[in-house]
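Owing to the predicted nature of the structure, the values given are computational and were not obtained by experimental measurement.
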Amino acid sequence: MFKVIQRSVGPASLSLLTFKVYASAKKDSSHKAAVKVNELSLYSVPEGQSKYVEEPRTQLEESISHLRHYCEPYTSWCQEMYSQTKPKMQSLVQWGLDSYEYLQNAPPGFFPRLGVIGFAGVVGLLLARGSKIKKLVYPPGFMGLAASLYYPQQAIVFVQVSGEKLYDWGLRGYIVVEDLWKENIQKSENVKNSPGNK
């Protein structure tokens with residue numbers, strides 16, 4: 001055991017020693033100058049012999065450069081739009097995958113209910129002949145009515161939320177109409193009170 005330690009300590013202690021390295025400019029020179037280890041070069045590099053010369057651009061390179069500068073605003077716009085739409089597209093894809101998974105493992109009675117709701121939409125479309133407004137109102141109305149029979153709790157929540165939104169939209173529309181009405185009244189009063197009309 002002692003011999004093993006002796007044999008491993010010997011080379012390890014030699015690695016801790018420092019040595020001076022002397023370099024000479026000529027072989028015949030007797031003058032010795034100390035050179036640090038980090039000043040030694042591993043590779044010999046010829047000084048002042050290499051020079052970078054840029055090759056002139058060809059006509060193809062010039063036209064590609066002009067094309068890149070011309071397309072740069074469009075590519076940056078596309079990248080920006082991609083970064084904005086990527087989360088939305090990922091959420092849409094995830095919604096599609098979730099819907100597919102739900103339809104694969106649908107609860108019992110889901111497809112007959114879906115058929116009745118779709119049939120109600122077709123009946124609403126048939127009853128809405130002749131008027132574009134009826135075609136917009138009847139099919140969703142009949143489908144909503146059929147869906148509310150099967151899903152009453154969700155229908156109540158939907159009606160509450162949509163009722164609040166409709167009230168909010170109606171209030172905004174009322175404010176806009178009131179502002180336009182006041183502006184028209186003020187304009188007509190200014191026209192009546194102008195000195196040319198008296």
Side-chain angles (χ1 to χ4, degrees), residues 59-198:
Q59 183 65 29
L60 178 64
E61 290 175 338
E62 285 290 331
S63 59
I64 289 174
S65 175
H66 288 301
L67 181 64
R68 286 180 67 194
H69 287 297
Y70 178 73
C71 293
E72 188 175 0
Y74 303 110
T75 56
S76 63
W77 178 79
C78 289
Q79 287 174 346
E80 182 179 329
M81 291 303 294
Y82 174 75
S83 65
Q84 288 178 356
T85 57
K86 183 179 178 182
K88 295 176 184 176
M89 294 305 290
Q90 286 177 340
S91 64
L92 183 65
V93 167
Q94 187 61 41
W95 177 81
L97 292 173
D98 292 342
S99 300
Y100 176 75
E101 186 69 29
Y102 179 78
L103 290 176
Q104 289 295 321
N105 303 319
F110 174 75
F111 290 113
R113 291 176 184 175
L114 189 64
V116 169
I117 293 169
F119 181 72
V122 172
V123 169
L125 191 63
L126 291 175
L127 293 176
R129 283 190 233 153
S131 173
K132 292 182 181 179
I133 294 175
K134 286 182 182 179
K135 287 181 182 178
L136 291 175
V137 173
Y138 279 17
F142 276 90
M143 289 174 69
L145 184 64
S148 67
L149 294 175
Y150 288 116
Y151 304 104
Q153 293 175 340
Q154 290 86 347
I156 291 171
V157 171
F158 178 76
V159 167
Q160 287 175 345
V161 171
S162 60
E164 290 173 3
K165 287 184 180 179
L166 284 174
Y167 176 75
D168 187 38
W169 290 345
L171 190 60
R172 288 181 187 177
Y174 176 75
I175 291 170
V176 168
V177 169
E178 185 180 25
D179 289 342
L180 290 173
W181 183 270
K182 286 180 181 178
E183 287 178 10
N184 287 336
I185 290 176
Q186 288 176 353
K187 286 181 183 178
S188 64
E189 287 178 1
N190 289 340
V191 170
K192 289 178 184 177
N193 294 336
S194 64
N197 291 332
K198 289 184 177 180

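Summarising the geometry, atom CZ belonging to Arg68 is positioned 11.5 Å from atom CD belonging to Glu61; distances are rounded to the nearest 0.5 Å. Atom-to-atom distance recorded for Tyr151:OH and Ile156:CD1 is 15.5 Å, nearest 0.5 angstrom. With rounding to the nearest 0.5 Å, the separation of CZ in Arg129 from OG in Ser131 is 13.5 Å. In this structure, CG in Leu166 is found 6.0 Å from CH2 in Trp169, a value given to the nearest 0.5 Å. Atoms OH and CE, from Tyr74 and Met81 in turn, are 15.5 Å apart once rounded to the nearest 0.5 Å. Between Leu60 atom CG and Ile64 atom CD1 the span is 4.0 Å, to the nearest 0.5 Å.
More than 12 heavy atoms of other shown residues, nucleotides or ligands fall within 6.0 angstrom of atom CZ in Phe110. Summarising the local packing, CD of Gln90 is surrounded by more than 12 heavy atoms from other residues, nucleotides or ligands at distances under 6.0 Å. Summarising the local packing, CD1 of Ile133 is surrounded by 12 or fewer heavy atoms from other residues, nucleotides or ligands at distances under 6.0 Å. Residue Gln59 qualifies as open at atom CD: its count of foreign heavy atoms under 6.0 Å is 12 or below. Around atom OH of Tyr138, no more than 12 heavy atoms belonging to other residues, nucleotides or ligands sit under 6.0 Å away. The number of heavy atoms from other shown groups lying within 6.0 Å of CZ (Phe119) does not exceed 12.
Residue Gly121 comes nearest to Met143 through the heavy atom pair CA-CG, 3.2 Å, listed as atom of the first residue, atom of the second, then distance. Closest of all the heavy-atom pairs between Gly124 and Phe142 is CA-CD1, 3.6 Å. Here the closest heavy-atom approach between residue Ala146 and residue Ala120 is recorded as CB-CB, 3.8 Å.
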Assess the residue pair Ser83 and Gln79 against the criterion (side chain to side chain contact (heavy atoms under 4.5 Å, CB included)); give the C-alpha distance rounded to whole Å, side-chain angles, the decisive distance to 0.1 Å, and a yes or no.
CA-CA 6 Å; Ser83 65; Gln79 287 174 346; over 6 Å; no

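Counting heavy atoms from C-beta outward, Asp98 and Gln94 have side chains that approach closer than 4.5 Å. Looking at Ser76 and Glu72, their side chains never come closer than 4.5 Å, going by heavy atoms from C-beta outward. Phe111 is listed as a side-chain neighbour of Leu103, based on a closest heavy-atom distance under 4.5 Å.
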